[in-house]
Protein chains: 2
Amino acid sequence: MTVRTENAEEYLEAIFKLQHSGGTVTVKRLAAELGLTSPSVSEMVHRLRAAGLVERRGRRGRGRGIRLTEAGLAEGAALVRRHRLSERFLVDYLDMPWDVVHEEACKLEHALSPEVEARLAEQLGNPLTCPHGHAIPGEDGSLPDERLQALTDLRPGDAAVIGCIAEEEGDLLRYLASLGLLPDTPIAVESVAPFNGPLLVRVGDAQYALGREVTDRIMVRH
Amino acid sequence: MTVRTENAEEYLEAIFKLQHSGGTVTVKRLAAELGLTSPSVSEMVHRLRAAGLVERRGRRGRGRGIRLTEAGLAEGAALVRRHRLSERFLVDYLDMPWDVVHEEACKLEHALSPEVEARLAEQLGNPLTCPHGHAIPGEDGSLPDERLQALTDLRPGDAAVIGCIAEEEGDLLRYLASLGLLPDTPIAVESVAPFNGPLLVRVGDAQYALGREVTDRIMVRH
DNA sequence: TCTCATATGTAGGGTATCCTAATCGTGAAG
DNA sequence: CTTCACGATTAGGATACCCTACATATGAGA
């Protein structure tokens with residue numbers, strides 16, 4: 001049962017995230033998430049199952065698909081926790097820009113022991129979210145399920161607070177940072193142009209016109 | 001030429017360290033250092049050579065054995081640098097005890113990009129040594145060769161300063177820390193018991209009798 | 001009930017890395 | 001000058017992944 005490799009960890013993390021984003025975890029979805037082919041994923045899922053980290057429910061009904069076992073859940077949560085703590089570390093301690101930390105954290109997450117993870121969390125002040133606003137699982141693997149909605153789905157006049165950005169890296173993040181559209185920022189929709197046009201939003205004293213590509217990725221709460 | 005794997009990095013680091021500790025780098029020594037068999041090492045050395053990271057000198061005379069090329073040297077130095085910076089980080093920022101950080105750093109060193117490495121060094125105040133006293137290679141790969149000698153080799157009456165501890169982890173380090181025998185600590189030999197007996201040393205106001213197993217691993221400078 | 005689109009799985013093949021056992025080569029010693 | 005010990009290498013085999021091509025199975029709709 002040599003399934004504590006870095007590769008296996010990637011799978012567990014991906015399954016954990018898919019499982020928590022709701023919906024059924026299938027081989028196909030996993031393959032898409034990981035950028036691999038279905039047979040490769042199918043094979044690894046068998047290994048993970050043999051190792052007792054994953055189980056398959058019948059293929060019909062609600063609870064179908066791939067599920068993490070108790071052990072797998074703990075592993076997956078720990079990986080996500082380490083990933084997001086790493087991002088916080090890179091931003092808070094090393095002053096790195098938030099649009100590059102995801103990739104760096106992908107490597108770091110596999111290099112943190114529970115001990116280092118715990119001390120890092122403490123040094124960082126036990127943060128609750130990553131720089132993009134995603135919740136950091138607790139040491140017990142718990143993850144609050146906030147119900148966020150895309151900014152796109154607000155109506156004119158609605159006010160909200162940015163919860164997280166559904167994008168881990170790239171130009172979009174740089175753009176948002178340049179506008180000050182960061183997690184926990186209050187934002188209000190002033191108008192919505194028809195035919196899938198831009199949203200006119202207010203942030204503090206500023207007003208911006210944001211396209212759907214952007215507003216789809218800004219997740220807000222009330 | 002897929003030789004930028006974590007495994008290959010381990011080899012490069014080991015070769016770098018053996019090369020700098022003087023002496024010839026052979027397959028056998030490498031195998032011992034890495035805890036692998038000779039055939040495995042032989043094979044990887046071929047891969048590294050194909051990748052232009054290593055070269056073999058003739059098997060006689062001074063410069064024989066395995067040598068890092070320019071490229072390999074840079075890689076090796078970077079790995080050692082990241083390893084020792086990681087140790088500093090673990091001790092200075094996360095308050096971990098110095099006898100456990102080696103193992104943690106073994107994992108971390110492969111997860112640091114040049115960018116992260118640079119920022120980490122800066123945040124830590126560009127330290128020159130790891131917690132055990134070993135010099136941290138510069139960004140250019142340079143490594144000063146201090147000429148240290150084992151405490152064992154001093155004569156009664158000699159005074160010196162602890163340079164580094166030739167041991168990365170374990171009880172010995174805990175023991176030394178409990179006595180305050182850390183790098184940069186002044187130390188004087190008061191007497192040496194015959195028949196490979198203990199050394200009586202003075203450290204500040206304290207006096208300790210240290211066995212050869214211990215004094216062999218305490219490297220000092222003047 | 002039967003058929004088909006689609007997800008899943010099997011077959012077969014490739015690479016990187018490790019191992020054990022056997023072979024090769026060379027300097028030193030007789 | 002021959003032999004031998006020992007380090008290096010080759011041979012052959014295992015495992016963990018990954019892939020492409022092909023086979024199966026199943027729910028949905030005819």
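From a predicted model like this one, the values you see are computed outputs, not experimental measurements.
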To the side chain of [X], which of [options] is closest?
X: B/His46; options: C/dG9, C/dC18, D/dT9; result: D/dT9
X: A/Lys28; options: C/dA7, D/dA8, D/dC18; result: C/dA7
X: A/Thr5; options: D/dT9, C/dT10, D/dA16; result: D/dA16
X: A/Thr37; options: C/dT8, C/dT17, D/dC19; result: D/dC19
X: B/Leu36; options: D/dC17, C/dC19, C/dG9; result: C/dC19

Using whole Å, report how far [atom1] of [X] lies from [atom2] of [N].
X: A/Glu43; N: D/dT20; atom1: CD; atom2: C1'; value: 13 Å
X: A/Leu48; N: D/dA16; atom1: CG; atom2: P; value: 12 Å
X: A/Arg29; N: C/dA7; atom1: CZ; atom2: P; value: 12 Å
X: B/Glu9; N: C/dT17; atom1: CD; atom2: C1'; value: 15 Å
X: B/Leu30; N: C/dC18; atom1: CG; atom2: P; value: 12 Å
X: A/Leu34; N: D/dC18; atom1: CG; atom2: P; value: 8 Å
X: B/Met44; N: C/dC19; atom1: CE; atom2: C1'; value: 15 Å

Quiz item: Between B/His132 and B/Trp98, how do the two ring planes meet: parallel, tilted or perpendicular, split at 30° and 60°?
Solution: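 Correct class here is parallel.
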
Practice problem: Could you tell me whether A/Glu43 and A/Arg47 have a side-chain N and a carboxylate O separated by less than 4.0 Å? | Solution: yes

Quiz item: Hey, is A/Asp92 close enough to A/Arg88 for a salt bridge, meaning N to O under 4.0 Å?
Solution: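 Between A/Arg88 and A/Asp92 there is a salt bridge, with a charged N closer than 4.0 Å to a carboxylate O.
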
With a cut-off of less than 4.0 Å, is there a side-chain N or O of [X] near OP1 or OP2 of [N]?
X: B/Arg56; N: D/dT9; answer: yes
X: A/Ser40; N: D/dC19; answer: yes
X: A/Tyr11; N: D/dA16; answer: no
X: A/Ser42; N: C/dG9; answer: yes
X: A/Arg47; N: D/dC17; answer: yes

Quiz prompt | No-hydrogen, no-angle side-chain donor-acceptor test under 3.5 Å, A/Ser86 and A/Glu109 | solution = no

Quiz item: Is any side-chain heavy atom of A/Ile162 closer than 4.5 Å to a side-chain heavy atom of A/Leu182?
Solution: no

Quiz prompt | Pairwise 5' ranking along DNA chain D for B/Arg49 and A/Asn7, keeping only the more 5' one | solution = B/Arg49

